[in-house]
A.B. asks: 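Please find one structure pasted underneath; my questions will follow.
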Amino acid sequence: MTSYTICVFTENSIGILNKITTIFTRRRINIESLTVSETERKGISRFTIVIRSESRDAVEKLVRQIRKIIEVLAVFGYLNEDIAYNEIALFKVSTPIGAKPLDIETINKTYKAWVVYWHLTYVIIQKTGTEEEIFEFFDYIKPHEILEFVRSGRVAVSKSPQTLVDYLPEAEWEYYQ
């Protein structure tokens with residue numbers, strides 16, 4: 001199966017998430033990852049949706065269906081090589097007295113992860129990267145007893161020279177101050 005990242009730019013309005021996810025539900029396509037945030041323009045939200053599909057044609061049909069939603073301003077489907085992307089993960093790792101200490105130098109230099117909170121009996125480590133990089137670090141840190149683990153959805157930006165403004169309808173869009 002191929003991984004696709006679908007970026008949807010919408011007006012920031014109530015109920016738009018439901019309208020978009022309903023299209024996936026009707027087509028029986030599972031959303032692997034979903035991240036929603038505001039863009040650099042006021043009133044415009046960006047949905048970054050990751051799916052896996054065997055059929056490029058099915059993904060293209062999905063994109064065309066999403067474009068029909070009134071609040072949608074632009075929709076793009078990408079393969080991994082077309083985008084720069086990352087995820088973020090937080091690990092709460094046990095550090096009891098007398099246990100084997102964490103090798104912070106390896107965590108920082110090899111895995112590019114950082115301790116963001118230190119407690120007497122645990123630390124919280126932040127790791128950014130691809131899903132593969134995060135799970136490689138997961139395997140490394142697992143022997144130290146992971147108390148909690150959370151991973152965000154993907155955030156992605158197209159490698160194309162075009163910007164969001166190139167695809168927006170003619171209007172004065174406000175930037176954040």
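Predicted, not measured: the structure shown is a model, and the values here were computed from it.
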A.B. asks: Given Phe24, which partner from the list Asn30, Leu34, Ile6 fulfils the side chain to side chain contact (heavy atoms under 4.5 Å, CB included) test?
C.D. replies: Ile6
A.B. asks: Apply side-chain contact (heavy atoms from CB on, under 4.5 Å) to residues Glu54 and Thr2 and explain how you reach the verdict.
C.D. replies: CA-CA 6 Å; Glu54 293 175 1; Thr2 305; over 6 Å; no
A.B. asks: Quick check: closest heavy atoms across Gly153 and Ser33, and the distance to 0.1 Å?
C.D. replies: CA-OG, 3.0 Å
A.B. asks: For residues Val50 and Val155: do they belong to one hydrophobic cluster (side chain heavy atoms under 4.5 Å, members Ile, Leu, Val, Met, Phe, Trp, Tyr)?
C.D. replies: no
A.B. asks: How far does OG1 of Thr110 sit from CG of Asp103, to the nearest 0.5 angstrom?
C.D. replies: 7.5 Å
A.B. asks: Measure the CD-CZ distance between Glu40 and Arg46 for me, rounded to the nearest 0.5 Å.
C.D. replies: 8.0 Å
A.B. asks: Can a salt bridge be assigned to the pair Glu131 and Arg52 using a cut-off of 4.0 Å between side-chain N and carboxylate O?
C.D. replies: yes
A.B. asks: What about the rings of Tyr4 and Tyr78, do their centers lie closer together than 6.0 Å?
C.D. replies: no
A.B. asks: May I ask whether Tyr140 and Phe149 are part of the same hydrophobic cluster, defined by side-chain heavy atoms of I, L, V, M, F, W, Y residues being less than 4.5 angstrom apart, directly or through others?
C.D. replies: yes
A.B. asks: Using the rule that two of Ile, Leu, Val, Met, Phe, Trp, Tyr join whenever any of their side-chain heavy atoms come within less than 4.5 Å, decide whether Ile107 and Val116 are in one cluster.
C.D. replies: no
A.B. asks: Quick check on side chain to side chain donor-acceptor pair (under 3.5 Å): which of Thr35, Thr5, Thr130 does Arg154 satisfy it with?
C.D. replies: Thr5
A.B. asks: Does atom NZ of Lys159 have more than 12 heavy-atom neighbours from other groups under 6.0 Å away?
C.D. replies: yes
A.B. asks: Could you check whether any side-chain N or O of Thr10 sits under 3.5 Å from a backbone N or O of Asn12, counting only pairs where one atom can act as donor and the other as acceptor?
C.D. replies: no
A.B. asks: Check side chain to side chain donor-acceptor pair (under 3.5 Å) between Glu148 and all other residues, then give those that pass, not counting sequence neighbours.
C.D. replies: Lys92
A.B. asks: Does Val59 belong to the same Ile/Leu/Val/Met/Phe/Trp/Tyr cluster as Ile83, with side-chain heavy atoms less than 4.5 Å apart forming each link?
C.D. replies: no
A.B. asks: Can you list every pair that meets side chain to side chain donor-acceptor pair (under 3.5 Å) and has a residue in residues 13-25, with sequence neighbours left out?
C.D. replies: Lys19-Glu71
A.B. asks: Once you round to the nearest 0.5 Å, how far does CD1 of Ile20 lie from CD1 of Ile69?
C.D. replies: 5.0 Å
A.B. asks: Of all the heavy-atom pairs spanning Arg151 and Glu87, show the shortest one and how long it is.
C.D. replies: NH1-OE1, 2.7 Å
A.B. asks: For the atom pair OH (Tyr122) and OG (Ser94), what is the distance rounded to the nearest 0.5 Å?
C.D. replies: 11.0 Å
A.B. asks: Report the C-alpha separation of Glu60 and Val63 in whole Å, then their side-chain angles, then the decisive distance to 0.1 Å, and conclude whether the side-chain contact (heavy atoms from CB on, under 4.5 Å) test is met.
C.D. replies: CA-CA 5 Å; Glu60 289 172 357; Val63 166; 5.7 Å; no
A.B. asks: Are more than 12 heavy atoms, taken from residues, nucleotides or ligands other than Arg56, located less than 6.0 Å from that residue's CZ atom?
C.D. replies: no
A.B. asks: Looking at every heavy atom in both Ala113 and Asn108, which two are closest together, and how far apart are they?
C.D. replies: O-ND2, 2.6 Å
A.B. asks: Membership question, hydrophobic clusters at under 4.5 Å side-chain separation (ILVMFWY): are Phe47 and Ile66 in the same one?
C.D. replies: yes
A.B. asks: Measuring from Trp118:CH2 to Ile124:CD1, what's the distance to the nearest 0.5 Å?
C.D. replies: 12.0 Å
A.B. asks: Any side-chain heavy atom of Leu73 within less than 4.5 Å of one from Ile44?
C.D. replies: yes
A.B. asks: Please name the pair of heavy atoms, one in Ser3 and one in Leu79, separated by the smallest distance, quoted to 0.1 Å.
C.D. replies: O-CD2, 4.0 Å
A.B. asks: Mind checking whether Phe137 and Phe91 have ring centres under 6.0 Å apart?
C.D. replies: yes
A.B. asks: Determine, step by step, whether Val8 and Val72 satisfy the side-chain contact (heavy atoms from CB on, under 4.5 Å) criterion, reporting the C-alpha distance in whole Å, the side-chain angles of both residues, the deciding distance to 0.1 Å, and the verdict.
C.D. replies: CA-CA 7 Å; Val8 182; Val72 170; 4.1 Å; yes
A.B. asks: More than 12 heavy atoms of other residues, nucleotides or ligands under 6.0 Å from CD of Glu105: is that the case?
C.D. replies: no
A.B. asks: Do you know the tightest heavy-atom contact between Thr39 and Ser45?
C.D. replies: CG2-C, 4.0 Å
A.B. asks: Parallel, tilted or perpendicular: which fits the ring planes of His119 and Tyr117, with parallel below 30° and perpendicular above 60°?
C.D. replies: parallel
A.B. asks: Considering all heavy atoms of both residues, which atom of Glu133 and which atom of Thr128 are nearest to each other, and what is their separation?
C.D. replies: OE1-O, 4.4 Å
A.B. asks: Step by step, would you call Ile88 with Lys127 a side-chain contact (heavy atoms from CB on, under 4.5 Å)?
C.D. replies: CA-CA 6 Å; Ile88 184 170; Lys127 167 72 180 136; over 6 Å; no
